[in-house]
Amino acid sequence: MAYNFKEIEKKWQNKWYSEGTFFAKDDYTMKKWYGLIEFPYPSGQGLHVGHPRSYTALDVIARKKRMDGYNVLFPIGFDAFGLPAENYAIKNHIHPKITTEKNIEHFKSQLKSVGFSFDWSREINTTDPEYYKWTQWIFIQLFKKGLAYKATMPINFCTGCKVGLANEEVVNGVCERCGSPVVQKEKSQWMLKITEYAQRLIDDLDDLDYLDKIKAQQKNWIGRSEGAEVKFKLDGLQDELIVYTTRPDTLFGATYMVIAPEHPLINKYSDKITNLADVEDYKQKASLKSDFERSELNKEKTGVEIKGLMAINPVNNKKIPIWVSDYVLISYGTGSIMAVPAHDTRDFEFAKKFDIPMVQVVSPKNADSTIDISQEAFTDVEDGILINSDFLNGLTVKEAKKKIIEYLQEKGIGESKVNYKLRDWVFSRQRYWGEPIPMVYCEKCGWVSIPEDELPLILPDIKDYEPGENGESPLAKQEEWINTTCPHCGGKAKRETDTMPQWAGSSWYYLRYMDPHNTNELASKEALNYWNQVDWYNGGMEHTTLHLLYSRFWHKFLYDIGVVPTKEPYHKRTSHGMILGSNGEKMSKSKGNVINPDEIIDEFGADTFRIYEMFMGPFDQTASWSMESIRGCGKFLDRVWNLQDMLKDGDSFSPKFEKMMHKAIKKVSSDIEEMKFNTAISTFMSMVNEFYREKEINKAEFKVLLQLLNPFAPHITEELYSKLSDTTIADTPWPTFDESKTIDDEIEIPIQINGKLKATISIALNSPESTVKDIVHQNSVIQKQLEGKNIVKEIYIPNKIYNIVVK
RNA sequence: GCGGAUGUGGCGGAACUGGCAGACGCGCUGGUCUUAGGAACCAGUGCCAACGGCGUGGGGGUUCGAGUCCCUUCAUCCGCACCA
């Protein structure tokens, strides 16, 4: 008989939400645990089945932690600024504030229907002025410390809509909406100096409990490399071209230089360049390409030789040509490189295409591995010996790097240099629906931050969401808002009209949860000291580079100015896999494979939905939705429900189930901590199967089963438990196990002959080897197998396996 | 091109430091009960020329023993800023 989940789930949810069952306590003497999920963007489509995967996982852990006696903070909020609301407003002339409010209400009711144990009293919303007041406050602190600055950076500009576009909105070089070509347009923008924290962002990973793959991705993104800057004199000029290279050892093999199309050298010496038209033409073409496009063009190298200018290789004084090509990026290193085609794949391809000579300067140490430099670049660093390199000849690559840097430093033509791939954070958006940047520009004083007591700087209500001229923010049209006075000199000044990116609000939200209603500070010292650090943060892999890095950067900054007591925001970081449609493809409206959580809950109930999301596969891997499998989870809960019919009295485990119970407590406890939710659930299923086999279960066993299952399926378990006890499961301590009762005293071990399984025998745990040997040799199957064969060796791994090697 | 991952029955997946491959679930087959079943319960279910043999993407290797370790190769997914 199926249980009435609709009635039961509603009943318990009403109780939880009206009584504040899961509110974190303000008792700062208790041991605490802070679990965090990435707060959702409240999109118009409502909750995606992917959200509850992460939320249920941490809900399971949070519920267990409460039973373990922790004061648990498990908060929720909404990251509500962003593009879709704004684009919707442009199309339908509805204020983003209204749609955002509506979407949040929808999300809230959906989240509540899944029965998450969030602390709803601490709900935050990044678009709330009381919240973004502090986002703006942090920006001002960054500005005061010189970490926010203005720089000219290109934006994607749609030539049709005359709007700045996000990378996402540029598809194949054209505007996603109108199909017009997108060009790069220079614009003065606010930048945040995250690069100043690059080394700390790498070093401090060591003390964190992040998944290794997450640490690897962060490190790779920051991309520290050690190399050298080398100065190349320009032939006949007093000027020089500085390059960054990680392979200074190959300096003798540098046969040409390449500069980025945006490199200032071109303008500076335009009068010397004899093919200026060609160069300018190339530059123009490159500017039409988005970053994305430029990176796509990996098949075919393009470039133009800059005629009239030559560089001089400082170690051998040879004149080498200078090329311009977009495979060199102005944003990395010095925007120019020395090209060593014999030992770099990209340089090789380029040289090959334009028929530029190559000089091999490294040869394989291992004489067997012959290398043909005319076929491919030799890039192996480990196995290389320098040749054709004067005083470096005979050295290994490693030795040569050291020696050449010493030489360069001595001669004043270069120095060792650490470089990072990481670039400063472009913080301006030419958009309406974001936090206003609290800055004004005064002709006399330059950029000045607004006084902190004037925060929040409220985003003005507007009617026209269309962007301003030339890709300006819609705010640029708000004359009365823009014109203000300078906080410094009192003279005329203009407000910044760009807004902050969506990353801003999400860079510090975990701090606000600690003390969400504080009007004096972003959070009180007491709250910050007590909640300290997020103990466990789960989110998607797609946020492990940008969001995670940005918020670590802000946190470190806040630590530096004495606002927070910890160097790092998140102690532990895990990630969940995506949920795909049943066809194995990403869920999307156009593919028609979207699963609506409301419909699933309506048909199967929240508990079944939760169990299924946790059972569908390993938590950290992608999984495809399956309607058939979710039915099986519903069936499992029906079987749990029907266990009541077999209920017997008993205040302690009966002997036949005692071992199973202790093992289950152990297994489920560790599985939850390790996020192996799918195997925890399979343990429950096996237990239930066992009770059915014996057609009985006593009260003690049933209670423990319900307690263990409660974090996964909180409604049905509370309902069943309420029939056995006056307390709720949420108020009971997590069950404990006795290690000695998880060990079997009789075990089965396999017997192999030459590594092939032939039989299994049953022995007492820890039997002496001689006893086991006797039992093995008495086994009839084994005797038969051994007939006429010579035993070479017998291997016994205690309590594991017995293997006989024969000839 | 770079970075991160993943390949195990018809399907989703399990297997602690190398030690009985396929737990658990879906599906399928048979049975019980039933007016009926897309319900419930019970049993079976990796493959094959089945007393035996073969099996964890392919090919090598290490080992008494490999899904697990090493080399090599193929395929798929995700992210990206050609990172010198």
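Throughout, a chain's letter reflects where its sequence line sits, starting with A, and its residues are numbered from 1. Values reported hereafter were calculated over all heavy atoms of this structure, with side chains retained and with hydrogens, waters and symmetry mates removed.
Rounded to an integer number of Å, the gap from CD of A:Q752 to P of B:rC64 is 13 Å. Atom-to-atom, NZ of A:K756 to P of B:rC64 comes out at 16 Å; the value is rounded to the nearest Å. One can place NZ of A:K758 at 14 Å from P of B:rG65, the figure rounded to the nearest angstrom.
Side-chain nitrogen and oxygen atoms of A:K635 include at least one within less than 4.0 Å of the OP1 or OP2 phosphate oxygen of B:rC26. Side-chain nitrogen and oxygen atoms of A:N689 include none within less than 4.0 Å of the OP1 or OP2 phosphate oxygen of B:rA23. For the pair A:K213 and B:rA5, the criterion of a side-chain N or O lying under 4.0 Å from OP1 or OP2 is not met.
A donor-acceptor contact closer than 3.5 angstrom links the side chains of A:S225 and A:Y244. Looking only at atom types and distance, the side chain of A:E613 has no donor-acceptor partner in the side chain of A:T56 under 3.5 Å away.
Residues A:L580 and A:T760 both approach RNA chain B. Their nearest nucleotides, taken by heavy-atom distance, put A:T760 toward the 5′ side. Projected onto RNA chain B by closest heavy-atom contact, A:T246 and A:P750 fall at different nucleotides, the more 5' of which corresponds to A:P750.
A:N220 comes within 4.0 angstrom of sugar-phosphate atoms only, judged by non-hydrogen atoms across all strands, and of no base.
Nearest to the side chain of A:Y332, among B:rC16, B:rA84, B:rC24, sits B:rA84.
Residues that satisfy the side chain to side chain donor-acceptor pair (under 3.5 Å) test with A:E696, not counting sequence neighbours, are A:K656.
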What's touching nucleotides 10-14 of chain B from the protein side, N or O pairs under 3.5 Å?
from, atom 1, to, atom 2, distance (Å)
B:rG12, O2', A:M616, O, 2.7
B:rA14, OP1, A:N678, ND2, 2.9

